Structure formats: structure tokens, C-alpha cells
Amino acid sequence: MSEAKYRQIARIIEQRMDTGEYPAESKLPTHRQLADELETTPVTVSKAYQLLTDNGRVYSHVGRGTFVCASNSLSDVIHPTDEGKDYNLSILQPCLHYNLNAISQAFQVATRSLPLDMIGYTEHSGHEKHRATGVKWAKHYGLEGGQSHNTLLVDGAQHGLSLLINALTKPGDTIAVETMTYPGIMAIAGLAERQVVGIPMDDQGVTGQGLTQVIEQHQPKLVVIVPSHQNPTGVTMPLERRKQIANIIAKHQVWLLEDDIYGFLHQEPISAITNFVPERGFHITSLSKAISPALRCGFIKIPESQIAHIEAHIRTNIWLSAPINYAAATVMIESGEAFSLAEQQREIASQRQTIARELLPQALTSHDGFHIWLPLPEHWNQERFVMEAKNRGVLVSSGGYFNAPNSTNHHIRLSLMSVATDEGLRQALVILADLLAQPMTTVFPF
């Protein structure tokens, strides 16, 4: 067989992976089985499998077979917004046009007369007045004990997650995450060569029993939890569960990384888990979801014992976060406008959750969350549904991207906020509702 033949077979296999016939982590047919189906030889199939291995699409276990790699690329989960093209339900961000004027005015005020220290280096991890602003922001939404000396500035929550994972663990260490988790955490862990284990969840978030079992069995150095409007399930952890999780963290003396970027969406503040275990908890929040992801303003409250250690990592990593961005954020927070904008986003989210419940009643929704977690009918494969939705002009995220190791789901995550108007969202959800009712068809060019 010619080289062109095995490359052609590799393309066929990739096509099947992309359409979901061969889903992530599934076992591919044996060389003989696929050779018989495609009327070729096992040697040719072996060469095709090797090409796919070299390209990072499959991996092999001796004696077990060849398996489809799970994608950990954030670009596969989140598609950048391209105004005028598609209904983009893949990205969790605020309805930005409501915030645009306020952000523009804040930058004008902040940069009207810049002091010298705003355009030079600073010895600490951000200017004291900007750290004090972060304290005010986080306190408003339920964090206690924040002060300017234990609140450090980072370039958004994603940078904070990466910074803390690298500072608190080393290659080969285990990190515990929710069984369905934000893919950005998985991407960080993969690049940093950390092992990941999933913590069982119920309709109130991570379970105490599940966390205890994971800690005792796997001995993770770090536990990562999103307690409010969890991505992707939308679950919010109630107060008593938060206290239970804090007690387990304290008992076992592991580090807690609390990613609380959606805390502003509660009608009334809920105490952070970190409040109950301040000596072991790192609390992250940011302005990305409430104001704008482009500001890259994130705040981390650090246990007293770790302040110098994390400051050193920030200086080594980026030296300091951009003071001008924080100057604009400080203008909005100090004036109270940032809190008004956040409340407006919460109200928009609540209205859009109502639309979602009307058109997709089977979805798992929350009262004020930015997204919904949509179960698929049994006849639909996740990747195939994503592809067919895209063909109809709607971009969505497959639930498979949110699985921690050894976890599965049969869902799609839909953002409700990235489409500019309620009517646009309604049109996108009508398209998806119609698609859900259709049979899944599979047509291959061979």
C-alpha cells in the first residue's frame, strides 16, 4: 500500500473522532478489524495509527489497544467572539456592551494625570491602594479577613490558578478537582505535569465523604473548588456544605484553592469556604465575569504563612500586574459603579435563565448563573451534537471537555450571556431545541 493510503485512512479516523463516532478516551478498533472494514491491510492501519500517535490524536497501551486522546485545548471549548458570525454560546463572559461606556470613562479618569509610580516598578505585589480595592471587592461578596497585606494582584483568575498550582505543588503531585471542572484547570495541570483526580459531587457541589475518600486515597497537595455557580454544572454550595468542606481541609492539612469568580451572582452574599479555614485557604476572585475579561484584574487572599512565598512567585513570573488596569478598576470600585455593573449583569443572567427554562426545560439551570448544563438525549453523541449545532450557526461546548479523569457526562454547556440580545439568545436556543428533537445521522465519505 502507498503512503497516501495510510494517510487517507488516518484522515478517515480523524473524521470519525471529530464527529463523535470515536469519542474521547474510547478504544479504537484493532488493526485487523479496521483493515477488514476499509479493505486494506493491518500494516497500513498500523502506519495510520502511528501517524495519529505522532500528531497527538491517539495513544496506545501495550496489550490493551489504541485510544482516542481527550482534548485539553481551551480553544476547543471556548471560541472567540466574532461579531456578526454565529450565535456563540461557548464563552462565559458578561454582556459587554452594557459595561463599555463605564470602562472607557474609568480609563479616562485613571489616566488623566498619571503619577510616576503608576508607570514604574513597585516593590510589592501591586500598589497598596489597588490591593485595598481588591479587599473591598471580595468583602462585598462574602470574603472575610482580607487586608491589603494579604491580598495580592494577578492577571485575572486564570493566572491566579496557574500561579498557585505551580507555587504550592511540584511535578508529579496530585491535585483534586470537581468531577466536572473548568477545562482551564485541567490545561494548567497538564502543562505543569500534575496528576488530577476528581472529587464526587451531588446537587450541592463536592461531597464531604467524596473529598475525604479522595484525600485519604490519593493524598492530593491541593484541592480546587468553584463553590458558586460552578462551571459547568451551575451548582452553588450552601453554607453548611462549605463549613463541612472547610473542616475536612483543616483536618487533613491540605491546601484549598477556592475559585470564587461567580460569587457576585448571589442575591445575598454567601460566606467563602476560606472564611472557615483561613490558614489553609487561598481565595481567588476577579473582575472578568462582572466587568470585563480584558481588564485582567484578579485578587488572591493568601494565608499569612504563604504571603512571602506567593509574592516571590509573582515577582518571578510577571513582576507585577499592570497598574493602569487596576487604576481603572479602582475608579469603578471606589465610586460604586463596579457593584452596579455587577448587579446589572446578575439581573440580565436571571432574565436569560428564565428564557432558557422556557425553551430548554430539561436543562440544569440556576437562578442567576451565566450558563446552563444541558443533558443530551441518549441518541445524541456530544461531539456530533456540537458539530451539527455549529453547522446551524450555534457554537456550544461539549460536556466531555469538563471531565476530570475517570469521569463521564452526557451534557452540553451553554453560555447565556455572550449573545448580545435576549432575542438573539432566544433564536439560538430555538435552533438547539429543534436539533435536540432530530435523530442523529451519520454520513461518511467512504
Side-chain angles (χ1 to χ4, degrees), residues 125 131-154 157 160-161 163-165 167-168 176-178 182 185 199 201-202 204-212 215 220-231 235-290 297-307 309-310 333 338-339 342 346 366 368-369:
S125 298
R131 287 183 277 123
T133 298
V135 172
K136 183 174 183 178
W137 174 263
K139 182 179 180 180
H140 189 83
Y141 298 112
L143 180 67
E144 299 170 2
Q147 301 177 46
S148 58
H149 80 279
N150 66 11
T151 300
L152 306 183
L153 308 182
V154 289
L161 289 167
L163 177 84
L164 292 176
I165 287 172
L168 300 173
V177 303
E178 295 138 326
Y182 165 54
I185 297 173
I199 312 167
M201 301 174 67
D202 61 16
Q204 294 186 344
V206 162
T207 68
Q209 181 182 11
L211 177 58
T212 298
I215 291 174
K221 295 294 194 300
L222 179 66
V223 174
V224 185
I225 294 176
V226 182
S228 300
H229 301 278
Q230 197 262 353
N231 181 13
V235 167
T236 289
M237 191 178 289
L239 183 61
E240 287 306 311
R241 178 66 62 84
R242 295 176 186 226
K243 291 179 180 179
Q244 180 189 23
I245 296 304
N247 288 336
I248 294 169
I249 294 292
K251 176 182 177 181
H252 292 276
Q253 290 293 287
V254 296
W255 294 118
L256 167 68
L257 200 171
E258 183 176 12
D259 184 1
D260 202 21
I261 58 172
Y262 298 105
F264 73 94
L265 289 171
H266 299 308
Q267 295 187 52
E268 297 294 335
I270 303 178
S271 290
I273 304 173
T274 303
N275 294 349
F276 308 111
V277 60
E279 71 282 1
R280 301 300 300 180
F282 295 78
H283 181 277
I284 298 179
T285 187
S286 81
L287 303 184
S288 295
K289 307 304 181 185
C297 293
F299 311 101
I300 310 179
K301 178 180 174 287
I302 310 289
E304 296 289 333
S305 66
Q306 296 297 309
I307 293 173
H309 177 55
I310 303 303
I333 291 173
F339 301 108
R346 188 192 67 77
S366 59
D368 302 318

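Quick caveat, the model's predicted, so the values are computed rather than measured. Computation of the quantities below employed the complete heavy-atom set of this structure, encompassing side-chain atoms and omitting hydrogens, waters and symmetry-equivalent molecules.
Contact between K289 and I261 at its shortest, heavy atoms only, is CE-CD1, 3.7 Å. The nearest pair of heavy atoms linking Q244 to G208 is NE2-CA, 3.7 Å. Considering every non-hydrogen atom in both Q253 and A250, the closest pair reads NE2-O, 2.7 Å. The two residues G369 and H229 have their closest heavy-atom pair at CA-ND1, 3.6 Å. Closest approach of A157 and S286 over heavy atoms only: N-CB, 4.0 Å. The minimum heavy-atom distance between F339 and W137, with the atom names listed, is CE2-CE3, 3.6 Å.
In this view, I270 and T236, R242, H266 satisfy the side-chain contact (heavy atoms from CB on, under 4.5 Å) rule, not counting sequence neighbours. Take H309 and apply the ring pair (Phe, Tyr, Trp, His ring centres under 6.0 Å) test, not counting sequence neighbours, and it matches H313. With sequence neighbours left out, the ring pair (Phe, Tyr, Trp, His ring centres under 6.0 Å) criterion links Y262 to no other residue. Residues meeting the side-chain contact (heavy atoms from CB on, under 4.5 Å) test with A176, sequence neighbours left out: V197, I199, V214, P220, V223. H140 meets the side chain to side chain donor-acceptor pair (under 3.5 Å) test with no other residue; sequence neighbours excluded. By the side-chain contact (heavy atoms from CB on, under 4.5 Å) test, T151 is found to be paired with V135, F299, residues two or more places apart in sequence or in another chain being considered. In this view, D202 and Q204, T207, R241 satisfy the side-chain contact (heavy atoms from CB on, under 4.5 Å) rule, not counting sequence neighbours. For R280, there are no salt bridge (charged side-chain N to carboxylate O under 4.0 Å, His left out) partners, not counting sequence neighbours.
Here the straight-line distance linking atom CZ of F282 with atom CD1 of I310 works out to 5.0 Å at 0.5 Å rounding. Interatomic distance, I245 CD1 to L256 CG, rounded to the nearest 0.5 Å: 9.0 Å. With rounding to the nearest 0.5 Å, the separation of CG in L257 from CD1 in I185 is 7.5 Å. Taken to the nearest 0.5 Å, the CD1 atom of I302 stands 4.5 Å off from the CG atom of L152. Atom CD of residue E304 and atom NE2 of residue H149 lie 3.5 Å apart, to the nearest 0.5 angstrom. Once rounded to the nearest 0.5 Å, the distance linking CD1 of I300 with OG1 of T274 reads 11.5 Å.
Sorted by first and then second residue, the salt bridge (Lys or Arg N to Asp or Glu O under 4.0 Å) pairs involving residues 132-152 (not counting sequence neighbours) are K136-E334. Applying the salt bridge (Lys or Arg N to Asp or Glu O under 4.0 Å) definition to pairs two or more places apart or across chains, those involving residues 243-257 are E240-K243. Evaluation of the salt bridge (Lys or Arg N to Asp or Glu O under 4.0 Å) test over residues 255-272, restricted to residues two or more places apart or in two chains, returns none.
Within 6.0 Å of CD in E279 there are more than 12 heavy atoms belonging to other residues, nucleotides or ligands.
Inter-residue side-chain proximity for W255 and L164 is flagged as unmet; no heavy-atom pair is nearer than 4.5 Å. A 4.5 Å side-chain heavy-atom check between L239 and F276 finds at least one atom pair inside the cut-off. A 4.5 Å side-chain heavy-atom check between L143 and T285 finds every atom pair outside the cut-off. Taking the side chain as every heavy atom from C-beta outward, K221 and L168 never approach each other to under 4.5 Å. Annotation: side chain of M237 is in contact with side chain of I273 (closest heavy-atom distance under 4.5 Å).
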